[in-house]
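So that the names make sense, note that chain A is the first sequence line, chain B the second, and so on, each numbered from 1.
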2 protein chains.
Amino acid sequence: MNFSVAEENYIKAIWHLQRYHDDVTTNLLANQLHTRPASVTDMLKKLKTKKLVHYEKYHGFSLTTEGKKIALGVIRRHRLWEFFLSEKLKFDWDEVHEVAEDLEHVSSKKLIDKLDEYLGFPKVDPHGDPIPDNQGKMETSSSICLDQLELNRSAEVSGVGNQSTELLELLKHKNIRIGTKLEIKKRFEFDNSLEIKIRNTPAFTISEQLAKNLLVKHGK
Amino acid sequence: MNFSVAEENYIKAIWHLQRYHDDVTTNLLANQLHTRPASVTDMLKKLKTKKLVHYEKYHGFSLTTEGKKIALGVIRRHRLWEFFLSEKLKFDWDEVHEVAEDLEHVSSKKLIDKLDEYLGFPKVDPHGDPIPDNQGKMETSSSICLDQLELNRSAEVSGVGNQSTELLELLKHKNIRIGTKLEIKKRFEFDNSLEIKIRNTPAFTISEQLAKNLLVKHGK
DNA sequence: AATTAAATTTAGACAAATCTAAAAATTATT
DNA sequence: AATAATTTTTAGATTTGTCTAAATTTAATT
Ligand SMILES: [Mn+2]
Ligand SMILES: [Mn+2]
Ligand SMILES: [Mn+2]
Ligand SMILES: [Mn+2]
């Protein structure tokens, strides 16, 4: 079956919200998609008839197995295009998301599988997020949130909590990107800010909000 | 301003029809877009309010200067993607058109200009059609229709009359592609079929319809 | 347990793009 | 020039996705 741009955006948004919320709510989804709760309800009814979500009115909703499959297809396309834009067209990593938001809806299977091959079957996108393969399987990341990293333990930045230009702009300014090696030198109780050390550069502090939006992997 | 997929498809279709028809008609356009005359009329009214077409009811229509500019933007995107699919992703030349039909509507200017650069500013697409530059300018081809080529005069295939899979399949079977050098050995009055010679291969005949859908450039 | 607050759904409307069937205008033919 | 044939436009529906405002249900608080 074939899905509309709107349907794909809803399905993908539900998938993302499910990752971090036990139950996804109508308001939450409306907020994520910059739309209204009433519109979400309308779409949920449609997605239910297409068997992409489980939905009982007033009692929440979640993706079906089929819904998850569709979501992973969209996410695969999104992240492959992001990789292409970054790697081949030399886009900055804070510019790729918006364009990929459109490209992800061009759904020729052949196009995407050939693109994947052309790119050398990349495993992660420019934000460190794993790219599903053509079966919908992807690496489960062993990343933890930076604010949970132990003091003085070396780690490597592996991902970001969201793709907002605001976040990515801040990271660019602080010279933090995927692969950056760092450790936490001190934790300030007052505001939970962290003193960070990157090799060969002076230490600096980052806010709690920023720490909560950075994923890291332990160094060996 | 930003245009919908439907609007872009209409504008592009009018542009193409204008190339070969003195006046484009409602029926012709409906046929081209696999839609109904009534739908064409509806869209023409809308395009008129957006100043993309001149239109007086019952008396025909044509693109405005602005309309032509929009058309060339869509055509630029279409042909650049076709080149990408063929050159980088190794699609056959009869497979690129359909996918490009979707990709052409992703309208990030930056994306297209960077893609153009990445591809090395190609001048023609896989069907031999010229690619507009970022100013909307493109090579005016000196091609002539194969059925007007003189006997025994060497020429090189430079384009095809349309992108139908049927035509491209036939050309693939006869081993004719962009760049193929050939000459006409004989013209049969009965059905206007032509005997064609390609170097190092036996001569063969092609139908009048095929000849009318092949563009060639004179060899020097 | 009753009341209040918050979340969710319905009712009704609207814009975009399409369609069919009927009416109107243009063009071709007697 | 009148009539017939063709083309084009209108009238009225339909589908998709969205919205606001009001009604309903669930959750929280007295
Ligand atoms: Mn999207
Ligand atoms: Mn990403
Ligand atoms: Mn198109
Ligand atoms: Mn082409």
Side-chain angles (χ1 to χ4, degrees), chain A residues 1-14 17-18 20-63 67 70-71 74 101-102 104-107, chain B residues 1-14 17-18 20-63 67 70-71 74 101-102 104-107:
Chain A
M1 204 186 278
N2 237 36
F3 302 100
S4 71
V5 170
E7 288 167 341
E8 289 188 345
N9 282 336
Y10 272 91
I11 289 289
K12 191 181 67 160
I14 297 171
L17 290 174
Q18 281 187 350
Y20 299 108
H21 298 85
D22 301 344
D23 48 28
V24 182
T25 66
T26 303
N27 272 341
L28 200 61
L29 185 50
N31 194 57
Q32 175 89 0
L33 290 169
H34 306 105
T35 182
R36 299 291 169 181
S39 309
V40 170
T41 301
D42 288 343
M43 182 59 87
L44 286 173
K45 286 188 208 159
K46 182 150 61 115
L47 295 178
K48 180 177 182 173
T49 71
K50 296 196 175 189
K51 296 184 190 293
L52 299 175
V53 297
H54 302 292
Y55 169 56
E56 294 303 327
K57 65 171 165 172
Y58 289 112
H59 291 88
F61 54 89
S62 63
L63 292 178
I70 303 303
V74 181
E101 203 56 48
D102 289 336
E104 71 187 2
H105 303 292
V106 177
S107 57
Chain B
M1 202 186 278
N2 237 37
F3 302 99
S4 71
V5 170
E7 287 167 341
E8 288 187 345
N9 283 337
Y10 272 91
I11 289 288
K12 192 181 65 159
I14 297 171
L17 290 175
Q18 280 187 350
Y20 299 107
H21 297 86
D22 301 343
D23 48 28
V24 181
T25 66
T26 303
N27 273 341
L28 200 62
L29 185 50
N31 195 57
Q32 175 90 358
L33 290 168
H34 306 107
T35 181
R36 299 289 168 182
S39 308
V40 170
T41 301
D42 289 342
M43 182 58 87
L44 286 173
K45 286 187 209 159
K46 184 151 58 115
L47 295 178
K48 181 179 182 171
T49 71
K50 295 197 176 187
K51 295 182 192 293
L52 299 175
V53 297
H54 302 292
Y55 169 56
E56 294 304 327
K57 67 170 162 173
Y58 290 112
H59 291 89
F61 54 90
S62 62
L63 292 178
I70 302 303
V74 180
E101 203 56 48
D102 289 336
E104 71 187 3
H105 303 292
V106 177
S107 57

Nearest whole angstrom, please: distance from the [atom2] of [N] to the [atom1] of [X].
X	N	atom1	atom2	answer
B/R36	D/dT9	CZ	P	16 Å
B/E7	C/dT18	CD	P	10 Å
B/Y10	C/dT18	OH	C1'	8 Å
B/D23	D/dT8	CG	P	9 Å
A/N2	D/dT16	CG	P	14 Å
A/N31	C/dA6	CG	C1'	15 Å

Can a donor-acceptor pair be found between the side chains of B/H105 and B/N9 at a distance below 3.5 Å?
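There is such a pair (donor and acceptor under 3.5 Å, judged by atom type) between the side chains of B/H105 and B/N9.
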Considering only nitrogen or oxygen atoms on both sides, find all protein atoms under 3.5 Å from nucleotides 8-12 of chain C and state each distance.
residue: C/dT8; atom: OP2; partner: A/N27; partner atom: N; Å: 2.9
residue: C/dT8; atom: OP2; partner: A/N27; partner atom: ND2; Å: 3.4
residue: C/dT9; atom: OP1; partner: A/Y55; partner atom: OH; Å: 2.6
residue: C/dT9; atom: OP1; partner: A/Y58; partner atom: N; Å: 3.0
residue: C/dT9; atom: OP2; partner: A/T26; partner atom: OG1; Å: 3.2
residue: C/dT9; atom: OP2; partner: A/T41; partner atom: OG1; Å: 2.9
residue: C/dT9; atom: O4'; partner: A/Y58; partner atom: OH; Å: 3.4
residue: C/dT10; atom: OP1; partner: A/K57; partner atom: NZ; Å: 2.7
residue: C/dT10; atom: OP2; partner: A/K45; partner atom: NZ; Å: 3.1

Looking only at side-chain N and O atoms, does A/S39 come under 4.0 Å of OP1 or OP2 in D/dC19?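 Indeed, a polar side-chain atom of A/S39 lies that close.
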Q) Sub-3.5 Å donor-acceptor pair from the side chain of B/T41 to the main-chain atoms of B/P37, do we have one? A)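 Present.
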Practice task
Run the numbers on B/L47 and B/F61 for side-chain contact (heavy atoms from CB on, under 4.5 Å), then give the verdict.
Solution key: CA-CA 10 Å; B/L47 295 178; B/F61 54 90; over 6 Å; no
- Report which part of the nucleic acid A/F61 touches: base, sugar-phosphate, or nothing (heavy-atom distance under 4.0 Å, all strands).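 Nothing, no heavy atom under 4.0 Å.
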Working to the nearest 0.5 angstrom, can you tell me the gap between B/L44 CG and B/T26 OG1?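 Answer rounded to 0.5 Å: 6.0 Å.
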- Looking only at heavy atoms, what is the nearest atom pair of A/K57 and A/Y55, with distance?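 The pair with the smallest heavy-atom distance is CB-OH, 3.7 Å.
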Thinking salt bridges, do A/E7 and A/K12 make one under a 4.0 Å N-O criterion?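 No salt bridge links A/E7 with A/K12.
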